[in-house]
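Each remark here refers to the structure printed beneath this line.
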Amino acid sequence: MSSRWNHQIDPALVELFQELASDPRSSLLRVPIRRTGAIGSIKEVSPRGANLMAAERELLEVFRHEVRDLLLEACRRELYGLSGLQLSRWRSFDARVHVAPEKDWLGRVSRTLDDVPEEIEAGGALNLLSACVVNPGDKSPKVSQFAGAAQRVLFDDRARIYAALELLSEESPRAAMSLLNGVLDDKPERGLSSYCWQNLGVSQHRMGDISAALKSYEQASLLGDARPGPLLSAFSAALAVEDDMRAKHFSAELEDQMGAEHPGLAEEIQLLRQVTCSEATEIKVMRKDTFIRIEDRLGIIGRRIGNALIE
Amino acid sequence: MCPIEPPSDPRFDALLFDPHEGPREVLPRLVEGDPLQLIERCARHLTSEALLLDLERLHARSLALIARHLPEALVEDVSDWIAERVSEAASQLVDEELYEDRLGFPLSGTVDPRSEILVGALGIEPAMTREISVSFHRLPIRDRRTFWRAVVSGESLSGITEESGETRDHVIEGLRRVIRSLSLTGLRERDAGSDEFENEGQETS
């Protein structure tokens, strides 16, 4: 590697390094830095580019990503068929999740199965995908099977979240919470954190702890400001715990971000109703009382959601 | 899908698609002489997105993705399509690094240019560079770019201040936040206060 470092760090920056390095916990300046001629662009540092062997090695990684992504897509396709989940088709307020038609999906799986090199040691994963292609009408493998296989090919936080969603659908909210908390402990990126919090909320809701669910939904909406699901859930939970102020806040947020003409609103309300339908009677009563009390201070979306939930 | 046809620019001849060829057969002509000028595209991507990735690795991964997805290239926007593959390659590498770090995979024995940058510029021990690189890639792109300009490219603070229209104190404060966050990577206290640095991230579905 030929380093050709031509620049000089700004002296003010060196002072900043020294100041920050005085914190005993800091990992700065543990080895000598190069103050002059210290830094060059990465391009200058490494001008040769890749050789064929390196590219062939990376091709194996590309196939691993491909197999893993197909398995994760298989998880999502299965999850959309399960009941009791708040599995929105709206990835954001203005973008619908694209779900490929069955034929396209199977075509991609077939192509991967045909092309994947033997060096990819993913026999179990390939068998699962192969079963989808060979017997498309048969009972599909479970989400947890697809997710487990995906994890073995290439680690990804989404696999554990999908397995948790299946547990939720199977009325095992405690086990789902355990998985979701495990993902959150690993500090996933912001969008995934939001998704975990939202489904933690659904799990808590399922277990009757609406106050905890409200906090989780609120956290989900703070982290995932592009998805409508957490806001709808937070509004519903705020009504159920008689928190007028929060209910009005979430209603106003929905009004601002979603708008009454949003093409996914009816679908989101339907998903929310699926989550609330198994609630205890007293929770339904409290939500109804709160809604009636504050209805005239809500916007059109808040009123529409509230009316749908108390039907 | 539309098989690629030779555009007027002969550089793209390497992308001529033959349905009988697999990606391994395509790779040699993409590598030889770098006809797609991919190494420059990768270097530009690293700079524009302020990513601390190994350029050679990014180049190799981009080549592999292009070879694998060649049948999907559309003749009218070949350049954009190549740029998308480079971006996809970078995302894959950033994700892989995150999971390798989390799962405690041993560090590669080969010398990594970005290690040299982090060690040479910040005085960070080589063993910590992957963890710090993971933290860096989770910073908002605005903060990453400022760091890149000041530390990686070695631009003067006055130049950055002038171009950004911000005050010098503001620029230094931003850099202080970023560098402090990187220098405390892995500490519980830093984790608790790091939310403001986290990226928007990808969607779950």
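We name chains A, B, ... by the order of the sequence lines, and we start the count at 1 in each one. Being a predicted model, the structure only gives us computed values, none of them experimental.
One distance of note links OG of Ser26(A) with CG of Leu182(B); it measures 10.0 Å at 0.5 Å rounding. Between atom CD1 of residue Ile172(B) and atom CD of residue Glu19(A) there is a gap of 10.0 Å, rounded to the nearest 0.5 Å. The line from CG of Asn51(A) to CD of Glu56(B) is 8.0 Å long, rounded to the nearest 0.5 Å. One finds the CZ atom of Arg176(B) at 11.0 Å from the CG atom of Leu13(A) (value rounded to the nearest 0.5 Å). The CG atom of Leu27(B) lies 5.5 Å from the CG atom of Leu59(A); values are rounded to the nearest 0.5 Å.
Here His65(A) is the residue among His65(A), Glu61(A), His98(A), Met53(A) with the most heavy-atom pairs under 4.5 Å with chain B. In terms of non-hydrogen atom pairs under 4.5 Å with chain A, the most contact-rich of Arg24(B), Gln92(B), Glu32(B), Arg168(B) is Gln92(B).
Salt-bridge formation is not detected for the pair Arg138(B)/Glu189(A): no Lys NZ or Arg NE/NH1/NH2 atom is positioned less than 4.0 Å from an Asp or Glu carboxylate oxygen. Using a 4.0 Å cut-off between charged nitrogen and carboxylate oxygen, Arg102(B) and Asp157(A) count as a salt-bridge pair.
Residue contact with chain B, scored on non-hydrogen atoms closer than 4.5 Å, is absent for Glu73(A). Neither the backbone nor the side chain of Glu100(B) comes within less than 4.5 Å of any heavy atom in chain A. Residue contact with chain A, scored on non-hydrogen atoms closer than 4.5 Å, is absent for Leu58(B). The part of Leu103(B) that comes within reach of chain A is its side chain, from C-beta onward, which places non-hydrogen atoms under 4.5 angstrom from that chain. Contacts of Pro117(A) with chain B are made by side-chain atoms alone, with heavy-atom separations under 4.5 Å and no backbone atom involved. Residue Leu72(A): no heavy atom, backbone or side chain, is found under 4.5 Å from chain B.
Within the 3.5 Å criterion, the main-chain N or O of Ser183(B) finds a donor-acceptor partner in the side chain of Ser27(A).
When the shell of 6.0 Å around CD of Glu162(B) is examined, it contains 12 or fewer heavy atoms from other residues, nucleotides or ligands.
When side chains are defined from C-beta on, Arg68(B) counts as touching Glu66(A), because their heavy atoms get closer than 4.5 Å.
Of all non-hydrogen atoms in Val31(B) and Ala55(A), the two that sit nearest each other are CG2-CB, 4.3 Å. When all heavy atoms of Leu157(B) and Asp10(A) are compared, the pair lying nearest together is N-OD2, 2.8 Å. When all heavy atoms of Leu122(B) and Phe17(A) are compared, the pair lying nearest together is CD2-CZ, 3.4 Å.
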